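As the structure lists them, so they are numbered: ligands from 1, and atoms in each ligand from 1. Please read these numbers as outputs of a predicted model, since none were measured by experiment.
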Amino acid sequence: MAINYEDRVAVVTGGGAGLGRSHALFLASRGAKLVVNDLGGDVQGKGSGTSAADEVVAEIKTAGGTAVANYDSVASLEGGRAIIQTALDEFGRVDILINNAGNNIENSFRKMTMEEFRAVLDVHLMGAVHCTQAAWQHMLDQEYGRVIMTTSAAGLYGGHGLSNYAAAKIALVGLMNSLVLEGRKRGITVNAIAPMAMTRMSKDAMDDKTGPLLKPEFVTSIVALLASEAHTGSGDIISTGAGYYSKIGIVEGAGVYFGADAPPSPDDLAARFDDICDLSQAKPHGDAFSSVADAMRNVLRGLKS
Ligand code: NAI
């Protein structure tokens, strides 16, 4: 049977436009009851309005689906709680949370004000924190949850003029990795996507040739899989756009062991820096202890020899 979300309740933050709209429409088309949240402001996150969320809710209803709008900002704790409460009040549960709401305030780091930096952290990072924490206890209690974080290539690799955005987006990966561990035994998976799609936020960075290929629906396909009961994998970051899907990993190289008797000099490290940075035998770690344990195994091996 095709993947579906019958009897599931999904919340899509920033669901009034772009990627969020596409996610909401698809989940609803396969049976999920939707809370379409959107603040309805501009790209920077300023202003507010009800039409963005309302229009997507209307689209879902016209197509025969079930949805309710919410206009709160994810950036406040009260907003995050109210968004999840809307799902509980209207539909009695929350199974799927797509943390998608996002703003963008570009500026060189030199010129960036702390207000600009915080305004972006507040939406992307704290927005996901507020909504996920509000849903978390319910997911723990029902022993089921699907949480998706929306990270970004800019966060994973950096972007000029995007220090605030990048910092927020990589922080979501740290959040995900810890929630993976806390949700693992209670049926909750947490995954992330690093999307590319032509939307209001990204259109200035797109050219005429590739832009039209980057349809949000291509991103939605992987979100729909990660949000499904059928998919039980957790902690993956999937890069996606225009029909391309690949896993992005955080890996650690085999490293160089200098012995635990005395610290190597900076000159010793300089001589072996290429080997220290060699990723040819790199591997991922399931958690921080795994990485530390590997390092300690080297130390113990050194003590024995
Ligand atoms: P978009 O600007 O079309 O949609 C973002 C939506 O979030 C808007 O409808 C906006 O009103 C809403 N929003 C903003 N602040 C909010 C708040 N405080 N509370 C509730 N809603 C709020 O942009 P797009 O591209 O659809 O972005 C969706 C997500 O995907 C964002 O997290 C973005 O950072 C991320 N992303 C997008 C990429 C792309 O190529 N379009 C690339 C990488 C990441």
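- Near ligand 1, residues G14, A17, G18, L19, N37, D38, L39, G40, G41, D72, S73, V74, N100, A101, G102, V123, H124, T150, T151, S152, Y165, K169, P195, M196, A197, T199, R200, M201, S202 each place a heavy atom inside the 4.0 Å sphere around the ligand atoms.
- In this structure, F273 shares a hydrophobic cluster with V256, F258, L269, I276, the cluster being traced through Ile, Leu, Val, Met, Phe, Trp and Tyr side chains under 4.5 angstrom apart.
- Screening E106, M112, H124 against N164 for a side-chain contact (heavy atoms from CB on, under 4.5 Å) leaves a single residue, M112.
- Electrostatic pairing of R272 and D274 does not count as a salt bridge here, judged by no charged N lying under 4.0 Å from a carboxylate O.
- Distance alone, capped at 3.5 Å, is enough to place a donor-acceptor pair between the N103 side chain and the Q44 backbone.
- For residues 143-163, the set of pairs meeting the salt bridge (charged side-chain N to carboxylate O under 4.0 Å, His left out) definition, not counting sequence neighbours, comprises E143-R186.
- Among residue pairs with one or both ends in residues 205-247, none qualify as ring-ring contact (aromatic ring centres under 6.0 Å, His included); sequence neighbours excluded.
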